[in-house]
Amino acid sequence: MLQKIVSKIGYIRVSDHEQTEALQIDALNVAGCDVIYGDHGVSGAVRNRKGLNEVLGELKKGDTLVVWKLDRLGRSTVHLLLLLDELRSRGVDFQVLSQISQSNTDTFRRTHLAVTNYKHNQLEPQLS
């Protein structure tokens, strides 16, 4: 009988060329990612990113996409929701390491919580 192979696949992104991915890579390795894709020097506001497109193409049902922080995946709430809904519909789990939001059974509910936390963290400095 063939066993289905599922993977933890990481994605990293840094916005400019002076930043380093080391912290993100270390965290994804500790989380057990089998492979890590990334974009260097690319804003999260850019939707069409080479590394993001590659990781989305690699993911299959049962896999888990792992990011260090939600904003590494995208900066627009609409874009994040669309990406996470696509993952849910494909049967791909999602995990954010810096927040408690791993989705094993109810991706959308936990994604909503992660996006809500992300939006709160974006607004918090503006309210201070």
Side-chain angles (χ1 to χ4, degrees):
M1 179 178 191
L2 293 175
Q3 286 189 332
K4 184 177 178 181
I5 298 173
V6 294
S7 300
K8 273 191 164 183
I9 299 176
Y11 173 73
I12 62 165
R13 182 188 58 78
V14 293
S15 300
D16 62 51
H17 295 288
E18 286 82 41
Q19 292 177 316
T20 177
E21 302 106 336
L23 180 63
Q24 293 178 60
I25 291 171
D26 289 346
L28 294 177
N29 282 328
V30 168
C33 288
D34 302 304
V35 63
I36 299 171
Y37 292 83
D39 288 298
H40 190 98
V42 180
S43 168
V46 175
R47 291 183 181 197
N48 190 13
R49 293 176 253 151
K50 184 177 187 268
L52 180 59
N53 291 340
E54 289 173 349
V55 75
L56 292 174
E58 178 72 21
L59 291 164
K60 61 191 176 310
K61 185 176 183 173
D63 285 347
T64 300
L65 175 61
V66 183
V67 295
W68 178 61
K69 285 178 63 178
L70 190 58
D71 68 353
R72 301 299 85 197
L73 189 59
R75 301 292 291 186
S76 157
T77 303
V78 171
H79 183 229
L80 284 170
L81 288 172
L82 290 172
L83 281 173
L84 297 173
D85 188 54
E86 174 189 338
L87 294 174
R88 179 191 57 80
S89 68
R90 292 173 52 192
V92 174
D93 289 329
F94 179 67
Q95 182 179 8
V96 180
L97 298 178
S98 64
Q99 300 165 333
I100 307 294
S101 62
Q102 182 173 357
S103 59
N104 288 327
T105 57
D106 190 353
T107 302
F108 192 77
R109 180 176 55 83
R110 294 173 189 264
T111 297
H112 177 69
L113 175 63
V115 171
T116 301
N117 287 336
Y118 170 72
K119 287 302 290 180
H120 173 75
N121 291 337
Q122 275 191 320
L123 293 173
E124 194 171 33
Q126 297 171 12
L127 299 175
S128 301

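Quick caveat, the model's predicted, so the values are computed rather than measured. Along the sequence shown, residues carry numbers from 1.
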Any donor-acceptor pair under 3.5 Å from Ser98 side chain to Trp68 backbone: yes

Taking all non-hydrogen atoms of both residues into account, name the closest pair between [X] and [Y] and its distance.
X	Y	answer
Asp39	Gly51	OD1-N, 2.8 Å
Ser15	Arg13	OG-NH1, 3.0 Å
Val55	Gly10	CG2-O, 4.2 Å
Gly32	Lys8	O-CB, 3.8 Å
Gly74	His79	CA-ND1, 4.4 Å

Stepwise side chain to side chain contact (heavy atoms under 4.5 Å, CB included) test for Gln24 and Arg72: CA-CA 9 Å; Gln24 293 178 60; Arg72 301 299 85 197; 3.4 Å; yes

Residue pair Leu83, Leu73: steps toward the side chain to side chain contact (heavy atoms under 4.5 Å, CB included) verdict: CA-CA 9 Å; Leu83 281 173; Leu73 189 59; 3.9 Å; yes

Polar contact flag, side-chain donor to acceptor under 3.5 angstrom, Arg49-Tyr11: yes

Phe94-Leu82 co-clustered via ILVMFWY side chain contacts under 4.5 Å: no

Hphob cluster co-occupancy, Val14 + Leu97, side-chain heavy atoms under 4.5 angstrom: no

Gap separating the CD1 atom of Ile12 from the CG atom of Asp26, nearest 0.5 angstrom: 10.5 Å

Atom pair CG/OG of Leu84 and Ser89 - distance to nearest 0.5 Å: 11.0 Å

Side-chain contact, heavy-atom cut-off 4.5 Å: [X] with [Y]?
X	Y	value
Asn29	Ile36	yes
Gln95	Leu65	no
Ile25	Leu28	no
Val35	Cys33	no

Working for side chain to side chain contact (heavy atoms under 4.5 Å, CB included), residues Leu59 and Arg90: CA-CA 9 Å; Leu59 291 164; Arg90 292 173 52 192; 3.7 Å; yes

Evaluation steps, side chain to side chain contact (heavy atoms under 4.5 Å, CB included), between Lys60 and Ser7: CA-CA 9 Å; Lys60 61 191 176 310; Ser7 300; 4.1 Å; yes

